[in-house]
Amino acid sequence: MSRPEGIQLMEGNHACAWGAIDAGARFYAGYPITPSSEIAEVCARELPAYGGTYIQMEDEIGSMAAIVGASLSGKKSFTATSGPGFSLMQENLGVGIYQEVPCVVVNIQRVGPATGLATQPAQADVMQARWGTHGDHPIIVLCPATVQEMYDFTIRAFNLAERFRTPVILLSDQVVGQTYENISLPDPASLKLVTRKKPGVPPEEYLPYQPDENLVPPMAAYGDRHILHASSTCHCETGYSNFKYGTNRQLLTRLKDKIYNYLDEIIEVEHFGPEDADVTLVSFGSASRVCKYLVGEAEKEGIRVNLLRLITMWPFPDQEVQKALANTGACVVAEMNQGQVINEVNRVNTTNTPVHLASGIDGELIRPEIIMTSIREAVK
Amino acid sequence: MTKTENKDVVIHIDETLCKRCGFCIEFCNTKVYEADQDGLPLIKNLDQCTNCRLCELRCPDFAIKVEVVNNE
Amino acid sequence: MAVKLSYREYFKEEALPLMWCAGCGNGILLRAITDALADLEIPPHQVVVSTGIGCWGKADDYMKTHGFHGSHGRALAFGTGIKLGNPDLHVIALMGDGDALAIGGNHFIHAARRNIDITAIISNNFTYGMTGGQYSPTTPLSYKTTTSPIGVAEPAFDVCSLSEECGANYVARSTVYHVTQLKRFIAAAIQKKGFNVVEAINTCPTHFGRRNIPGDTVEMMNYVKEISISKSRYEKLDEEEKAKHLVTGELVNRDRPDFLSVYREINPAASETGRGEGK
Ligand SMILES: Cc1ncc(C[n+]2csc(CCOP(=O)(O)OP(=O)(O)O)c2C)c(N)n1
Ligand code: SF4
Ligand code: SF4
Ligand code: SF4
C-alpha cells in the first residue's frame, strides 16, 4: 500500500503508525496486544519499503529492549502495546531513560490489571506512565484525543525524544486508538522533524555522556568511530561505570534538569469553552471528548463550564492547572480510572478550589451522565 | 615487578595485579614458577620455559606478560 | 612484516585491576575474546558488546569497543535491536548462565530460532556469582549452593544441546582452562553468520567452588579441566560417568540462513543499507 495522502478516513492506530513512519521511524519491535496491534500490522507491511525493519519479539520485555538497541545503532525506533505489555516494558524503559536513548512507546490503554475487561478502554496507566519504572527519573508523556492527534502527537513524540534524548510515551486509549475519523495528512516534506545531535568533536575526544550547554549529550551511533558506551550502571561522562560519591547525584540531577529546565518546549494544554466558568473540567484523551460535548450541555442547565485539556500529562502542567483553578468556582476532574490525575490537581491547588472526581471505570467511554452528576454537585 | 630473562624469553609479573590464584604455578607444564609464602609466583626455572604463553593467557588478572626477545 | 593487532586494541588496560575474585575465570575469558578479535582484525568500532547482569556482565567495563550494559537477562534482546539497527555490526552478547538461561531463557531460545546474527558467549560457572552463589539452571543436580544448602533438586540444562535444538548455527563448548581452543571457537563464532554460541565452562571458586569442591582456586580450575572431555573420549564412558562430564569441541556447525537474510528475501524492498527511502 502506498502512503495515504490528504483527507482520509482512518483508524487512530493506523494514524499513529503513519505518524511514526513520517517522523522517520525505521525500526519497530513489538508483541501483539489488542487494542494496539494495528500499529504493528501497518509497520510490518510498510517499513521494509522505507528501508526499515519490523520484528515481532518474544515478549514486550524484549520489544522495549530491541527499540533501545536499534536507537543506539542510529535508527528512530518505537513500539506499541497496551497495559499488560506496558507493565513488562517498565524495567527496560528505565534503562532507556538512564542511558538517554530517544525512542517512542505507545500505550493504547485498556482496563486492567491483567486481563481485566479486555479489551475495553481505560485511562488507568497515568501513574504507571510516570512512575512505572523503578528509581528516580523524568518522563515525557503525551495524550492524544483524536485520530488526527494520533498522527500529529506521534510525530511530536519522536521530535521530543530526539531533542531531549529520552524515551517519550504516547498515552492513548482504546477509544482513540480504534476510532475512525477523517484526518488530514500533510505532505511529509513539509514536516518539521528533529534529529538527535551528532558529536561535533573528533572520535578520540568524544565523551558520550558529556552534555552540551542544553544538558543533552550529543549522540554517536554504534558503528561510528566515536565509541559509544551505554550503561545502566551509574556512569560518568565516559559512559563507563563510576561509583564515586556524587556521580549518581550529578547524573540524576542532569537527567531531570535537561527536561524540567525546558518545560516551555514540552508542556501543552488546550483551553475549551468560555473563559470564565462556574466549573472547570480537567481531562485528557478520550474522556476529554465527552467533556467538550458537556460544555454545551451544561450551558443548557445554566451552568457555565469550560475545559482544560491536558495534552502533556508528564511533566505535569502545574502552572496551567494552578491558573485554571484560581480562575474558576469549582473543578471536576474527569478520568477513566478511580482517581489519578485528581491527586496531581490537588497537589497544585493553592487556591483551595473545590475539586470533584468524575470517574469512569466501566470499560467504556465515560458516560456524560457521570461527569454531569459531578458538575451539578460542584455547583450545589 | 619481577623480570627474569633467559636468552629468548622475558616474563614480567605485575605483583600489584596478581591475586595469587596459583594458576600459573600449578599449570605450567615445565614448572617454571614457584610460590613464595604469600602465593606470589616466583620465576625459578626460566630456562625450562617453552614460551608456550599459556600462563599469560590463563592468568585471570592480566598480571603476566611472556615476551620473546630477539637477540639477533 | 605485517604487525599483528594486539588484544590491547580491544581491552581497556587502564581499567585494571579487574573487579573479579582471585581465581575467577572471567579475566581468562575476556582475554580469549579480545585475542580472538585481534586475530580477526575487526576494527573496534565495528564491534558492540552487549552484556547481561552478573559478575560476567561487568565485562563491558573492560572493553574499548562499543559497549552496552542493560538489564538482567536481556543482552540478546537489546542486541537484536542493535544488530537490526545497523546490520554491519558484529554484536557479541556476554551472559552468565543465569542471565542467559533463567531470566533470559526466552530471549535465548528465540534468538536461536530466528538465527539472528549475534555471537553469544556464555560464562557457565554453574551458579549466580553476583548475588552470592544461588543455584542456576546449570547447577548440576544435587550440588550445593546458598539456596540449595543440601543439594539442588532440579536437573541442569545442557547449554549446547539447548542451543542446537533451538536452531543456533554454530555451537561450541570449551573452558577457561583450554585457552587456545576457547579463543579458536570464539573467533569461529564471531566470523560465522547467524546465531552462534560459545559456552565457556568457568570457575567461581568463591561460591560454587567453596561449597562443592574441596580445596582452593587451583582445585576449582582442576574441576573445570577434568569434567570437560572431547567427544571421542566422552562416547567411551558409561552412562554414570557421562553424567559427570561435559563434551567440549565444536558441536554444531551448519548454515541455516540468518534472520536478516530471510527477512530481506521475503521483503525485497528492505534495502541493503537499511537507509533507502521507498515511495
Ligand atoms: C530483574 C533482576 N532480577 C534479579 C537481579 C539480581 N541479579 C543480578 S546478577 C544475578 C545473577 C547472575 O548470575 P549469572 O547470570 O549466572 O552470572 P555470574 O554472576 O555468575 O557471572 C541476579 C539474580 C537483577 N539484577 N535484575
Ligand atoms: S595466574 Fe596471574 S593472578 Fe594467578 S598467581 Fe599467577 S600471576 Fe598471579
Ligand atoms: S610460557 Fe609456558 S612454559 Fe613458560 S612459564 Fe608460561 S606456561 Fe610455563
Ligand atoms: S563471585 Fe564467582 S563469578 Fe563472581 S567474581 Fe567471584 S569468582 Fe567470579
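Treat the numbers as computed from the prediction; the structure is a model and nothing was measured. Chain naming here is simple, since letters A, B, ... match the order of the sequence lines and numbering starts at 1 in each.
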Colleague: Who in residues 230-240 of chain A is close to chain C, using a strict under-4.5 Å heavy-atom cut-off?
Modeller: A:A230, A:S231, A:S232, A:T233, A:Y240

Colleague: Between C:L89 and chain A, which part of the residue has a heavy atom less than 4.5 Å away: side chain, backbone, both or neither?
Modeller: side chain

Colleague: Would you mind checking which part of C:T51 comes under 4.5 Å of any heavy atom in chain A, side chain (CB onward), backbone (N, CA, C, O), both or neither?
Modeller: neither

Colleague: Counting a contact as any heavy-atom pair under 4.5 Å apart, which residues of residues 71-81 of chain C contact chain A?
Modeller: C:S71, C:H72, C:R74, C:A77, C:F78, C:T80, C:G81

Colleague: For a quick test of reading the model, state the closest non-hydrogen atom pair linking A:F158 to A:S77 and the distance between them.
Modeller: CE2-O, 3.6 Å

Colleague: Considering only heavy atoms, which portion of A:F27 lies under 4.5 Å from any heavy atom of chain C: side chain, backbone, both, or neither?
Modeller: side chain

Colleague: Can you list the steps and then say if C:D117 with C:K192 is a salt bridge (charged side-chain N to carboxylate O under 4.0 Å, His left out)?
Modeller: CA-CA 8 Å; C:D117 186 22; C:K192 199 173 167 78; over 6 Å; no

Colleague: For chain A, find which of C:K12, C:H90, C:Q46 contributes the most heavy-atom pairs closer than 4.5 angstrom.
Modeller: C:K12

Colleague: Give the interface residues of residues 53-66 of chain A toward chain C, defined by a heavy-atom separation under 4.5 Å.
Modeller: A:T53, A:Y54, A:I55, A:Q56, A:M57, A:E58, A:D59, A:I61, A:G62, A:A65, A:A66

Colleague: Would you mind checking which part of A:A221 comes under 4.5 Å of any heavy atom in chain C, side chain (CB onward), backbone (N, CA, C, O), both or neither?
Modeller: backbone

Colleague: In sequence, state the C-alpha distance, the side-chain angles, and the governing distance for A:N242 and A:T247, and then conclude on side-chain hydrogen bond (donor to acceptor under 3.5 Å, both in side chains).
Modeller: CA-CA 7 Å; A:N242 184 304; A:T247 306; 2.8 Å; yes

Colleague: Looking only at heavy atoms, what is the nearest atom pair of C:L40 and C:A187, with distance?
Modeller: CD1-O, 3.7 Å

Colleague: Closer than 3.5 angstrom, by distance alone: can the side chain of A:Q90 be matched with the main-chain N or O of A:T133 as a donor-acceptor pair?
Modeller: yes

Colleague: For A:G135, does its backbone N or O pair with a side-chain atom of A:H137 as donor and acceptor, under 3.5 Å?
Modeller: yes

Colleague: Below 4.5 Å, heavy-atom pairs only: which of C:H69, C:H107, C:H66, C:H45 has the largest tally toward chain A?
Modeller: C:H66

Colleague: Measuring centre to centre across the rings, with the benzene-like ring taken for any Trp, is C:Y128 within less than 6.0 Å of C:Y135?
Modeller: no

Colleague: For C:S136 and C:T127, work out which heavy atoms get closest and say how close.
Modeller: OG-N, 3.8 Å

Colleague: Closer than 3.5 angstrom, by distance alone: can the side chain of A:H226 be matched with the main-chain N or O of A:V201 as a donor-acceptor pair?
Modeller: yes

Colleague: Give a yes or no on this: more than 12 heavy atoms of other residues, nucleotides or ligands lie within 6.0 Å of atom OH of C:Y10.
Modeller: yes

Colleague: Who are the salt bridge (Lys or Arg N to Asp or Glu O under 4.0 Å) partners of A:D22, not counting sequence neighbours?
Modeller: A:R3

Colleague: Looking at A:E91, A:Q99, A:H229, which makes the most heavy-atom pairs under 4.5 Å with chain C?
Modeller: A:H229

Colleague: Which is it for A:E100 and A:T166 under the side-chain hydrogen bond (donor to acceptor under 3.5 Å, both in side chains) test, yes or no, and what are the steps along the way?
Modeller: CA-CA 5 Å; A:E100 304 182 62; A:T166 193; over 6 Å; no

Colleague: Quick one: does C:D258's side chain have a donor or acceptor within less than 3.5 Å of a partner on C:I116's backbone?
Modeller: no

Colleague: Measure C:R113 against the heavy atoms of chain A and call it side chain, backbone, both or neither at under 4.5 Å.
Modeller: neither

Colleague: Looking only at side-chain N and O atoms, does C:D255 offer a donor or acceptor that is under 3.5 Å from a partner on C:N169?
Modeller: no

Colleague: Between the main-chain N or O of C:G85 and the side-chain N or O of A:K75, is there a donor-acceptor pair closer than 3.5 Å?
Modeller: yes

Colleague: Return the minimal non-hydrogen interatomic distance between C:A168 and C:R256, and the atom names on each side.
Modeller: N-NH1, 4.4 Å

Colleague: Checking A:L72 against chain C: side chain, backbone, both or neither under 4.5 Å from a heavy atom?
Modeller: side chain

Colleague: Quick one about A:D187 and A:S190 (side-chain donor to acceptor, distance below 3.5 Å, no hydrogens or angles considered), yes or no?
Modeller: no

